Every structure is written in structure tokens, then in C-alpha cells.
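Data block below; observations after.
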Amino acid sequence: MKSRSTSTRMMAKKKFGKGVEQLTIQSIPHHKHSEGSAMVWACMAAIDTMVASGFTVGKSPTVHKDNLHPCNLLLTEDGACIYLSSAKAPKYTYAKLDSLKAGSVVNVYGVVVFFKQPFKSRGTDFCSSLKITDHSNEKIGCTIFCEKLEDHPKIFRNGDIVRMHRVKAQVFNKSITLVNTFGFSVVTFDGVKGAPVEPRTSSRSFHFDPDDQRTVEELRSWAASQALFASVTSTVPLSAVQPKAYFDLTCQLLAKAPVDTTCTLLRVWDGTRCPHTLLKVIVEPHVTEGQLSFSKERENLIADVLVYDNHVEVARKLKPGVFLRIYNLRAIAGSSTVPGLTRSQLQVDHLAFHLHGGTSYGRGIGILPDNSPDVQELKRYENDEEALSELNDSDLLEVWKTPPESLVFNDEHFSSVGWCLCSERSCGHDMQKVTLSEVKRSGLGRVHHVRAQLKAYEPHRLHEALKLYCSKCKSMQDVPDDELLESIFSEASKDCGPCSPPPWVLSGQVSLPRHAPGPSNRALTVYLLTQLMFEGSTLEEMCQLMASYQNIIPVRASGGHLSLFDLSAPFLFRALGIQPLQFILLMKLELQDATDTLDVFLWRHAVSFTFLLFGVRWD
DNA sequence: TTAGGGTTAG
């Protein structure tokens, strides 16, 4: 076996995988050399060329056991060499998507504008369906059949960039489509401009040179300038979920349990708190995989997701702890369609999450690798929540973690003082970043991504971020301290004088006790109004009573005495139009970039995360 | 071979 043609013919007897021809290389002691030396030329999947010289060809002693090639290459100790011919690696050329000819096998680059996670076909393979585009603006559908999931494109979001080798152009419904063919391989890249160009692939080796780097960066830049994704779904955290909406959820799986043959429960969280009350599904503890129960604080952050039909098989393979993106998840409020599963009938108005059967609109479950930027971001949120839980003893924190319900800011109020209001909104991370001056020019009600430098922020102490907010008139004020309270009373005392009280109020005079501070013999005007104090009522009952009575105060029996609830309990003085104030957290950031500066308000959870981020004092 | 994007109806 001295010639290249001989060796090539020999290797063709056996194939391993698709297009890979292989001989085993063994090292043996010098005295066992046999059958002369050989120079062998091998081509592995037409990618890497290897030249091996000074080897001995021998019969494989294990051919009947391993069913591999009948010959071995035996490595001698006298100058045998292997030449890995990276310089001779074929130079790939890539077809533009508007130049595809039916029947041709090509290599292509493209920006993903639609994709489905691999799903089981009716045949032997998993099937990936995607649509890609490039500078030509042609959009080409692609169908990838591979038996192994790891051979499929690792696409996580629209905008990702794929490079495919050896796909065949076919005509279907008068349009060109691409289907994988013999020797197919695919590599995927993050589509975010400026992100590292790191290939996602399970291949042990693949071709990548500076031209590829340039191509990826050019496609990123081009895609950023195009409106490519008119997608109806987007990645939304639990804190921004809207009932009835379809959305993509990036989350961590905490536990799972089969519900029946067509439905599996996934218990997930993303570190954010959904403002809606979430439906909780009952399952038998012995069928639950993962943690069975959680603290009350954590439970409030966990979403129960019901996945159906074809997704049950995918869910079966998931391990608790894994990071997921659930595509085309649906939030449904008022659901009573989980028979026998709800903990009580009171859950009928709670928010349920369903991953319906089928793959329409990319519906499916994808596993995110731990090193993906999305997972890193998720971990930051989750860690923040962990930190908050540990500090749960603080009264202040309790107030902080109890955001008022239905808190709605009035945009006009803030725009009138020239400040930009950043309310809690969802935004896809594939949004293009804009400059601060563009934000200022774009008007109210828009959602933006900006990258800017923090110039200043206030307050510097957490307790100063706590404000009192009126949901009725939208006003906001500092929490009064003793000094402020004193000045409020002092100011009000100057306005004392005769007035006409409402007819349902009794009025009179009382003398201050002799030992009271201030001038002696002072008399104060008093007004008496009827108040109802209720003991033992539920919140719901209190709310019902408020519709019928003017003034209501909830009370309790404490140590044999009548006492008030703590200040967080609602009370009502409708007679004088009093509206209980709510605690909120507010923080102001001053941002700057090359184009402008911008004052930004953060509120609710955004403040807590920012304080943690800045290491601001908690006292 | 398979699928060939375009919502379950729990």
C-alpha cells in the first residue's frame, strides 16, 4: 500500500457517520512492525485533510468485535508523521439567497427570521424548520432533518445567524427551499451587534476563518438596520406578562410533574414577580421531580406552566435546574379549564400558563446553555431575589416588597416637569439601541433600549427612596418625619376658624387638659362623625362593606383590647374624601451619552435591583 | 421518509 489510490480504495470500504472515513491508528512496539510502511491520504467529511506517513498497515485484530475497518495504521517509532493540512482545507464559498438554483447543493449564511425548535417528524428524524434572509432580502425557508438533536441548528432567538454547509435547493410551492443533504453541518452565532462571535455547534471541528468572522459581523450590522422581525411574540419576563398574550419566557425549571398522558406541569421562575395572581396546580408529591415545596416568598415567584401533547415528550427529558426558553407560551386569565387541578375554586380568576400542542408560531421548548447571555441575565435577577429573601426580616423591606396594587403613573404628570418616566414594560433584547437624544425626540409612550453612562443618582439611601403615593390624584411625597409632621400641624393650626361642617357631622368644643403644653384654657373645635369598626372581617368582606358605608376601620382583639391593624391594612374615610396613600419606591438616575443627558425614574422592583447593583447603603 | 411556519380550544 504505497500509493494514494490504493489507500483511498481501502478506506472506502468502511464509513463512519455521514461522509467520515476513518482508520484506527495504533502505536505498537518496533519489533512488531509488519507489512511495510505506508503513506495514507484521508479526507474527513471533506473538511480537514490529513496526511499520515511512515505508518504500517496491519490487519485489525478487533474487526469482528468492533465491526470497524479491517485494517489498522500502526505507528512506528522511526519518523512516522501526521500532517494536518489546515492550509489545504477547502475554501468555502457561500451563495447569496437570491441566487439559489433548484437542484444545486450550496453553502449559505443567513439571519434567522423564523424558527421552530426541532420536533419529532413522522419519520426517523427530528425536524427543524427555519426561515433565513440576507442582504438580498430574499427570505428562504429551510428544513433540516437530523436524527440527533445536537446536529440541529442551535437557534435561540430571531436575529441569530446560521451558517449551513451542503444544503440542497428545492422548489416547493413555486418557491426555493433549502433542505440538508449529505455532509450537512450548521453553526449558529448570536446576532447581537458587538457580541463575541462564538460558534454554537456540537461539532468537534469546523472551519472558521477571518472571512467568516467578517461575514457574521456584516450580517449583524445589516440586520440591525432592517425591520426583520414583525414577530407577534417576544421574550417577556413574568413581571410584564399580559393576560391573553402569547410570549416567549426565559426561565429556570425548578420542578416538574406529569399531570396526565397529554399534560405535564413545569414549575418555573425567572426572578421577577408577576403582578397577577398565579394559578397553582395540584400534583401528587410522589410524581414530582425536583423540589416539592418552596418558601412563601419563592412560591410567589413561581409560575406553573402546563405543557400539552407533543411538548410532553420534550418535557419528559428536562431536568430541574435547567434553563429554558418556552416559545409561544400563552397566559390565560380567568381560566377554569384545569379540571380537578386547582387548589380551590377561588383560583378561577388566576393567571394560567399554557403551552398548547403543536408547533405553530414556533411553539416549543428550547434548552439554553448556562453560558448564554440570556441565562447570565436571568441568574442576576434570581440572585437579587435570593438576596431580598435573606433580608426579609427588615420591616422596611417588607414594605418595599409589597408593591401597591394597580399602581398607574400618569405620564403627563411627569412629562410636565421634563422627566422621562420608565415604567415597568417588556422589551425584547433584540431591540436596537438608540441614543439619548433619539429617546428625547421620539415622544411619549415608546419603549427603548439605551446604553449610557450613569452620571448621578439619587437618593443614596434606601429609606429616602420610599415615597407616599396617591393612586387617585397621582401625587407623590416624601414619607414625613417628626419634624415635617410638626410643621404640618403647625401650619394647619393657623387656619383655625369657623366653618360649616357637613350636616351629618356633629360639632362642638372641648377644652384642653390643664397639663397640656401651650397656652392654658385653650379650647379646640371638634367634629364627630360616625365610624364603623369591624372585627374579624376578611379583606374581601371589607371591600364589600366599603361600597355601603362612609367610614370603616378594621380592628382586632389584641390581649383583650380593641386595637388597630398595622398601617398596611386598608381603612376608609370616604366622608372627607380621604384616600389612603400607598408606599412606593422611587429612584432617579441621570444618564449621559455622546448625544445628550436624560433623567430617568426607576420604581418598584427596578429600584431594589439598582440598589443592589450600586451597593447603596440600606440604612 | 420526515415537512413544506401562520396559534389550543386542555
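In what follows, chains carry the letters A, B, and so on, assigned in the order in which the sequence lines appear, proteins first and then strands, with residues in each chain numbered from 1. It should be emphasised that the depicted structure is a prediction, and the values quoted were computed from it without experimental measurement.
Under 4.0 Å is where a charged nitrogen must lie from a carboxylate oxygen, and between A:Asp209 and A:Lys91 at least one such pair does. The existence of a salt bridge linking A:Glu299 and A:Lys280 is confirmed by a sub-4.0 Å separation between a basic side-chain nitrogen and an acidic carboxylate oxygen.
Remark: A:Arg122 is in phosphate contact with B:dA3, judged by side-chain N or O atoms under 4.0 Å from OP1 or OP2. Contact between the side-chain N/O atoms of A:Ser360 and the OP1/OP2 oxygens of B:dG6 is found at a separation under 4.0 Å. Considering only side-chain N and O atoms, A:Lys116 lies under 4.0 angstrom from the phosphate OP1 or OP2 of B:dG6.
Here the nucleotide nearest the side chain of A:Thr143, chosen from B:dG5, B:dA3, B:dT2, is B:dA3. Candidate nucleotides B:dG4, B:dG10, B:dT2 were compared by shortest atom distance to the side chain of A:Asp125, and B:dT2 ranks first. Closest approach to the A:His356 side chain among B:dG10, B:dA3, B:dG5 is made by B:dG10 (side chain taken as heavy atoms from C-beta onward). Closest to the side chain of A:Arg363, out of B:dT7, B:dG5, B:dG4, is B:dT7. Side chain of A:Thr124, nearest nucleotide from B:dT1, B:dA3, B:dG5: B:dT1. Minimum atom distance to the side chain of A:Arg330 is reached by B:dT8, of the listed B:dT8, B:dT7, B:dT2. Proximity note for A:Ser121 (side chain, C-beta onward) versus B:dG5, B:dG10, B:dA3: the nearest is B:dA3.
The distance from atom CG of A:Leu355 to atom P of B:dA9 is 12 Å, rounded to the nearest whole Å. Regarding A:Asn310, its CG atom lies at a distance of 17 Å from the P atom of B:dG5, rounded to whole Å. When the C1' atom of B:dG6 is taken as reference, atom OH of A:Tyr246 falls 11 Å away, rounded to whole Å. Straight-line distance from the CZ atom of A:Phe172 to the P atom of B:dG5: 6 Å, rounded to whole Å. Atom CG of A:Leu266 is separated from atom P of B:dG10 by 19 Å (rounded to the nearest Å). What separates NE2 of A:His311 from P of B:dT7 is a distance of 14 Å, to the nearest Å. With rounding to whole Å, A:Phe126 atom CZ is found 15 Å from B:dT1 atom C1'. Here B:dT8 presents its P atom at 12 Å from CD1 of A:Ile332, a figure rounded to the nearest Å.
Heavy atoms of other residues, nucleotides or ligands lying less than 6.0 angstrom from NZ of A:Lys139 number more than 12.
A glycosidic torsion no more than 90° from 0 defines the syn conformation; B:dG5 lies beyond that range and is anti.
No donor-acceptor contact under 3.5 angstrom links the side chains of A:Lys96 and A:Ser136, judged on distance only.
In terms of position on DNA chain B, the residue among A:Val171 and A:Gly123 whose nearest nucleotide sits closer to the 5' end is A:Gly123.
Using a 4.0 Å heavy-atom criterion, one finds that A:Gly141 contacts no nucleic acid atom at all.
The ring of A:Tyr361 does not lie on top of the base of B:dG5; it is either too far (5.5 Å or more) or too tilted (30° or more). Aromatic stacking is not marked for A:Tyr308 over B:dT8, as the cut-offs of 5.5 Å for the centres and 30° for the planes do not both hold.
Residues A:Leu278 and A:Phe353 meet the side-chain proximity criterion, which asks for heavy atoms closer than 4.5 Å.
Rounded to the nearest Å, the gap between the C1' atom of B:dT8 and that of B:dG4 is 22 Å.
Seen from the ring of A:Phe172, A:Lys174 does not count as a face-on cation partner, given the 6.0 Å and 45° thresholds.
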